[in-house]
Amino acid sequence: MAVELPQWLEDLRRAEVVDRVRNDPRSGSGRFFGLSGHTAMNAIGWGQAPFDEPWGDLSPEDRALLYAYFNQKGHLEELTEAFRQMFPNRTPDDLIVIDVGCGPCTGGLALAGVLDPPTFDYIGLDSSVTMRDLGERMAASLRRLKGMRRCWASGPAAVDWDRAPSWRSVLVIVSYLLASPTLDPAQLVTDLDKLLAKLGKGRVSVLYTNSPKASANRNFPSFQKAMQDAGFDMPADGTGEIVVERWEGDQQRHLRYAVFHRPAQNRLPLGGG
Amino acid sequence: MRLPTWEDLESVDEQLDVLEWPLDEALFVAGPPGSGKTVLAVRRAQMVAESEPDAVMLTYNRMLRRLMKLLSEQSRMAQADETPAFPGSIATVQSYVWRDYLERTRSKPPTSPDDPFAYIWSEMLHILEQGENAPNRSHLIVDEGQDLAEGFFEYASHYISETMSVFADDDQALANQRTTLEQIKRAANLPDPIILTQNHRNTPQIASLAEHFHAGRLPAAAVRRSFSGEVPRLVEHASLDTIAHRVSNSMQTQGGSIGVVVDQNETGKLLLHPLREQLPQHRVEFYTNSLRNEDQINVLEDGVTVLNKESVKGQEFDTVFILELHRFLPCTTDSEKRGMYMMCSRARDNLWLIAGPNGRLTKGASDALPGPKILEPVRW
């Protein structure tokens with residue numbers, strides 16, 4: 001059965017992304033901000049562009065909108081299905097979510113569509129401020145997301161977290177991030193672990209999703225190694241598919257996924273033993 | 001795609017880690033207020049005693065010894081499997097070591113010239129080294145270990161039992177010279193501690209006030225109770241008569257167990273008469289170390305228990321009135337902060353902080369308190 005997004009999420013995307021692209025004076029007749037579909041995909045670097053820089057006549061905001069227009073829906077559908085499997089029963093208490101490479105709040109919106117009520121602290125990390133701004137605009141436009149307390153930063157090291165460390169559970173979303181050619185997986189895990197230490201000593205689960213293409217996952221082995229060195233095990237690792245509904249009919253969407261997990265650090269190493 | 005559920009990824013029953021620990025191995029548990037340390041200590045003692053009936057349970061003070069005895073009996077009644085109440089000794093460290101040392105050396109333990117209750121552990125250990133002395137218990141269970149001297153743990157590991165289960169929280173120690181978890185681990189030859197992370201006792205509002213005084217190295221415990229309590233209240237001045245009236249009123253209208261914590265035993269003594277007069281149908285008791293009346297008090301039953309800061313350690317009540325707040329504040333040292341943290345976290349549902357009788361809060365004392373969202377000022 002095809003994965004369905006909640007109606008409010010479809011409406012949000014229509015208002016904040018789809019209509020903004022389609023109703024732009026440069027769009028129409030199969031063109032997006034004046035570009036053909038293929039050229040528009042080049043403009044967003046097939047998902048891996050420096051979105052804070054203009055591209056030809058496109059502003060950074062145009063490029064972020066095009067990214068959301070072409071790529072976000074599929075990612076939302078994959079994450080929605082993943083979260084429905086992970087959270088079949090209830091909203092975990094006092095959850096903190098770190099969305100690494102969040103784009104326009106993609107992981108946060110998908111999770112908010114699954115949890116009832118959508119109450120959690122959301123830390124959206126993306127190197128592009130344009131992308132973070134689009135994500136905040138989308139999340140802020142809905143009253144139903146007021147229980148999603150948001151903070152944004154360019155990366156794990158830049159997060160301004162002034163609350164005391166706690167035992168709260170943390171969910172980390174790493175979706176379509178490792179395909180980035182500039183990413184250093186070991187450094188990412190090191191920085192992430194420092195941020196996790198700031199948050200506290202609670203349990204951490206990491207959801208990894210990506211395209212199944214080998215090139216998109218070339219960094220996965222070193223990411224996995226760094227995660228294991230940081231004390232995570234990997235209870236799920238595989239490829240799979242979800243069914244999505246498109247205008248031409250239902251389609252299979254293939255993906256690579258993994259789950260990493262580290263229990264709450266409830267042993268206090270005192271040394272000397 | 002097949003993903004594990006959030007619940008599958010981790011069981012939240014951290015107490016199972018403690019209960020399933022091998023009974024013949026040393027165990028070290030560190031837990032904040034309300035995490036169930038004392039109940040777990042009693043349960044561990046019962047399980048150990050099923051195979052090792054000479055096991056001994058030692059506590060910091062006599063009220064805690066009494067509580068552990070009551071919990072042991074209550075647990076026996078609650079267990080369908082007819083687990084016996086703890087058959088071994090339950091004693092305070094002070095009295096147990098006194099007898100043990102006397103039997104071994106035929107002399108009283110040496111004590112400090114300034115404090116007849118403070119054993120000189122180094123001297124005791126030195127003297128015992130000279131003779132043929134060995135541990136004589138199969139297992140020792142200790143609660144509130146942070147308030148016991150490091151020397152006690154050395155004594156215990158050499159002369160009471162080589163296998164110890166120690167429950168402690170280094171954020172609640174009352175003494176200036178508390179024993180840290182590192183010192184306990186080394187002296188008692190324990191593994192690294194399991195940390196209990198969840199607070200099952202306090203409402204979130206009470207936990208917030210307690211955390212105001214929390215200065216420990218570990219994160220404050222996650223509060224498991226729902227967000228449906230009253231904000232703790234501050235009374236900046238009250239007479240003895242007013243306090244007695246309010247405590248009585250609380251007993252008559254809400255019932256449950258009430259703890260009234262005083263700094264001066266004399267204040268508790270003065271409060272006892274009006275409370276008993278106004279609550280003739282209820283249990284009203286006053287405990288001090290010198291009265292030695294702990295065995296007449298059932299803190300698990302509804303009623304009012306008046307006791308001082310040292311004796312309230314390890315106890316819990318539905319409602320707690322902390323009197324003489326002006327004497328506990330401004331709590332500038334870590335030790336004083338730990339004391340306030342410990343006292344506030346005794347309350348399950350309602351907490352009152354009261355300056356008086358015979359005193360008011362100074363500006364410095366008021367500045368040490370949190371704002372009205374966490375501690376609501378009220379007038380009596």
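A donor-acceptor pair under 3.5 Å is absent between the side-chain atoms of A:Asn266 and the main chain of B:Ile194, judged by distance alone.
Looking at A:Asp233, there are no atoms closer than 4.5 Å to chain B (heavy atoms on both sides), in backbone or side chain. Proximity to chain B involves both the backbone and the side chain of A:Glu81, based on heavy atoms less than 4.5 angstrom apart. Using a 4.5 Å cut-off between heavy atoms, A:Pro88 touches chain B through its side chain atoms alone. Using a 4.5 Å cut-off between heavy atoms, B:Leu218 contacts chain A through its side chain alone, with no backbone atom that close. Contact of B:Ala220 with chain A is made through the backbone alone, with heavy-atom distances under 4.5 Å. Interface remark: A:Asp93 contributes side-chain atoms only to the contact with chain B (heavy atom separation under 4.5 Å). Neither the backbone nor the side chain of A:Leu199 comes within less than 4.5 Å of any heavy atom of chain B. Heavy atoms closer than 4.5 Å to chain B are found in both the backbone and the side chain of A:Leu268.
Applying the 6.0 Å contact sphere to CD of A:Glu4 captures no more than 12 heavy atoms from other residues, nucleotides or ligands. With a 6.0 Å radius and a threshold of 12 heavy atoms from other residues, nucleotides or ligands, A:Lys213 has its NZ atom at or below the threshold. No more than 12 heavy atoms of other residues, nucleotides or ligands sit less than 6.0 Å from atom CD of B:Glu162. Within a 6.0 Å radius of NE2 in B:His126, no more than 12 heavy atoms belonging to other residues, nucleotides or ligands are found. Shown here is A:Glu245, whose CD atom has no more than 12 heavy atoms of other residues, nucleotides or ligands within 6.0 Å. Atom NE2 of B:His158 has 12 or fewer neighbouring heavy atoms from other residues, nucleotides or ligands inside a 6.0 Å radius.
Put simply, the side chain of A:Leu270 does not reach to within 4.5 Å of the side chain of B:Arg186, judged on heavy atoms.
The distance from atom CH2 of B:Trp6 to atom CG of A:Leu95, rounded to the nearest 0.5 Å, is 5.0 Å. Put simply, CG on B:Asp8 and CD on A:Gln85 are 11.5 Å apart, with the number rounded to the nearest 0.5 Å. With values rounded to the nearest 0.5 angstrom, B:Met1 atom CE is found 13.5 Å from A:Arg256 atom CZ. To the nearest 0.5 Å, the span separating CD1 on B:Ile195 from NZ on A:Lys201 amounts to 6.0 Å. Rounding to the nearest 0.5 angstrom, the gap separating the CG atom in B:Asp17 from the CZ atom in A:Arg267 is 8.5 Å.
The greatest number of non-hydrogen atom pairs below 4.5 Å with chain B, out of A:Ala164, A:Gly240, A:Pro165, A:Ala264, is found for A:Pro165. Here A:Ser205 is the residue among A:Ala258, A:Gly238, A:Ser169, A:Ser205 with the most heavy-atom pairs under 4.5 Å with chain B. Between chain A and the options B:Ala222, B:Pro4, B:Pro193, B:Pro191, heavy-atom pairs under 4.5 Å are most frequent for B:Pro193.
For A:Ala236 against B:Leu3, the heavy-atom pair with the smallest separation is CB-CD2, 4.4 Å.
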